[in-house]
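Along the sequence shown, the residues carry numbers beginning at 1.
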Amino acid sequence: MRALVAVLGLSVLLAAFPARGDEYDETEYRLKTAGIDSAFRERIHGSIRRGVAFLRKHQQKDGSFALNAGWTALGGLALRHAVIPRGVEGGRMAIRWLETRGRKQAIQQTYYAGLTAMLLKADDSGDELQKAIHAALAIGPIADRTGYWGFGRAIGGNVPNLSTSQFGCLGLWAGERAGEPIATKTWRRHLEAILDSQESNGSWSYYPAGSPFVTETSGYPTGTFMGLADLLLAEEALADELRADPELLVRTRIARSLG
């Protein structure tokens, strides 16, 4: 578990810097760009190698992790961002499984869809699956009256919430970085829901506005991180829309500041 957490955490850092052609030196380049000293860089390289070895040990021969699209996408994303050849190979094995046996799960469940979209973007592959996921994710906040994403069609009960919504946003964001058209209506509907759901102190609750579980004091730190992250992604996607709608632009900036 520690190895898994290490690789997942490092994947966020590594994804923040532009990729270079030579995979062998890519991690070193990114860590240097982040200003990390040589001794700590060596420790990080060691953690990445151990994390990759741990994940590959538990990866099935068909590329999956326990035949589950969510676990496979998460493990594959960490492996692909690890950059070293064995990690890249494992990430691509995961992609091949998701494109075939895990396809239905990957499209129908919000968590899985978001993770798979990020994995496909990390590898710049899987255009057909990326397109299908993007189309599925774009429906969520439009179809649901709350403007949030629920768990997805494959699980009983929709239960819109911020946790699934953050993966809906990340999946849309990844697909659009990969070339899919910006889902303007979806982003706007979710942005409006996020603005309506923010509490007066700047925090966000787990559930959208109107939920019976929301009270004046139900906002909490993790919910606020998720709400603010969704707001920032929506703000970026709707840059042109917001310039044409000063009222929504001001609401968005105030909400960001309060968050």
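Checking side-chain atoms of Glu180 against main-chain N and O of His134 turns up no donor-acceptor pair under 3.5 Å. When atom types are taken as modelled, the side chain of Trp149 and the backbone of Phe167 share no donor-acceptor pair closer than 3.5 angstrom. A side-chain donor-acceptor contact under 3.5 Å links Thr110 to the backbone of Gly150. Here the side chain of Arg96 pairs no donor or acceptor atom with the backbone of Gly63 at under 3.5 angstrom. Judged purely by atom type and a 3.5 angstrom limit, Ser257 has no side-chain atom pairing as donor or acceptor with the backbone of Arg253. Side-chain N or O atoms of Ser47 include one that pairs as donor or acceptor with a backbone N or O of Arg43 at under 3.5 Å.
Note that CD of Glu99 and CZ of Arg92 are 12.0 Å apart. Values are rounded to the nearest 0.5 Å. To the nearest 0.5 Å, atom CG of residue Leu231 and atom CG of residue Leu258 are 10.5 Å apart. The CD atom of Gln109 sits 10.5 Å away from atom NZ of Lys104, with the distance rounded to the nearest 0.5 Å. Put simply, CG on Leu31 and CD on Glu26 are 10.5 Å apart, with the number rounded to the nearest 0.5 Å. Taken to the nearest 0.5 Å, the CG atom of Leu249 stands 7.5 Å off from the CD atom of Glu235. Between atom CD of residue Gln198 and atom CZ of residue Arg256 there is a gap of 12.0 Å, rounded to the nearest 0.5 Å.
Across every non-hydrogen atom of Ile107 and Ala113, the tightest pair is O-CB, 4.2 Å. Contact detail for Ala94 and Gly76: the closest heavy-atom pair is CB-CA, 3.8 Å. Of all heavy-atom pairs between Ala193 and Thr146, the closest is CB-O, 3.1 Å. Of all heavy-atom pairs between Gly91 and Leu79, the closest is N-CB, 3.8 Å. Closest heavy-atom contact between Trp204 and Thr224: N-OG1, 3.2 Å. Between Gly168 and Leu137, the shortest heavy-atom distance links the atoms O-CD1, 3.9 Å.
A continuous path of ILVMFWY side-chain contacts below 4.5 Å connects Leu119 to Leu67, so both sit in one hydrophobic cluster. Leu162 is connected to Leu232 through a chain of hydrophobic side-chain contacts under 4.5 Å among Ile, Leu, Val, Met, Phe, Trp and Tyr, so both are in one cluster. Taking hydrophobic clusters as Ile, Leu, Val, Met, Phe, Trp and Tyr residues chained together by side-chain heavy-atom distances below 4.5 Å, Met93 does not share a cluster with Ile48. Hydrophobic clustering (ILVMFWY, side-chain heavy atoms < 4.5 Å, transitive): Ile194 and Ile254 are in distinct clusters. Ile142 and Leu170 fall into different hydrophobic clusters, where Ile, Leu, Val, Met, Phe, Trp and Tyr residues are linked whenever their side-chain heavy atoms come under 4.5 Å apart, directly or through other members.
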Show, in sequence, the C-alpha distance, side-chain angles and deciding distance for Asn68 and Gln105, and conclude whether the side chain to side chain contact (heavy atoms under 4.5 Å, CB included) test is met.
CA-CA 8 Å; Asn68 178 283; Gln105 289 183 53; 4.3 Å; yes
CA sep, side-chain torsions, deciding dist, call: Ile133, Tyr112, side chain to side chain contact (heavy atoms under 4.5 Å, CB included):
CA-CA 10 Å; Ile133 287 173; Tyr112 300 176; over 6 Å; no
Could you check Arg103 against Glu128 for salt bridge (Lys or Arg N to Asp or Glu O under 4.0 Å), going step by step and ending with a plain yes or no?
CA-CA 11 Å; Arg103 177 184 171 84; Glu128 196 277 331; 2.9 Å; yes
Test side chain to side chain contact (heavy atoms under 4.5 Å, CB included) on Leu238 and Asp245 and set out the steps.
CA-CA 10 Å; Leu238 295 171; Asp245 189 338; over 6 Å; no
Report the C-alpha separation of Leu233 and Leu172 in whole Å, then their side-chain angles, then the decisive distance to 0.1 Å, and conclude whether the side chain to side chain contact (heavy atoms under 4.5 Å, CB included) test is met.
CA-CA 9 Å; Leu233 288 174; Leu172 276 188; over 6 Å; no
CA sep, side-chain torsions, deciding dist, call: Glu199, Ser218, side-chain hydrogen bond (donor to acceptor under 3.5 Å, both in side chains):
CA-CA 9 Å; Glu199 298 187 7; Ser218 59; 3.0 Å; yes
If you apply the rule salt bridge (Lys or Arg N to Asp or Glu O under 4.0 Å), what do you find for Glu241 with Arg189, and how did you get there?
CA-CA 12 Å; Glu241 290 266 316; Arg189 181 68 188 92; over 6 Å; no
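In this structure the side chain of Trp187 never reaches within 4.5 angstrom of the side chain of Pro141, judged on heavy atoms. Contact check for Leu129 versus Ile95: no side-chain heavy atoms found under the 4.5 Å cut-off. Leu120 is not listed as a side-chain neighbour of Leu98, based on a closest heavy-atom distance of 4.5 Å or more.
Tyr207 and Ser197 are not linked by any side-chain donor-acceptor pair at a separation below 3.5 angstrom, with hydrogens and angles left out of the test. Residues Thr72 and Gln60 have side chains that never bring a donor and an acceptor to within less than 3.5 angstrom of each other. For the residue pair Trp97 and Gln59, no side-chain donor N or O sits within less than 3.5 Å of a side-chain acceptor on the partner.
Phe225 CZ: 12 or fewer foreign heavy atoms inside a 6.0 Å radius. Heavy atoms from other residues, nucleotides or ligands lying under 6.0 Å from CZ of Arg145 number 12 at most.
Between Arg251 and Asp196 there is a salt bridge, since at least one side-chain N of the basic residue sits less than 4.0 Å from a carboxylate O of the acidic one.
Remark: His58 pairs with Phe54 by the ring-ring contact (aromatic ring centres under 6.0 Å, His included) rule, at least two apart or across chains.
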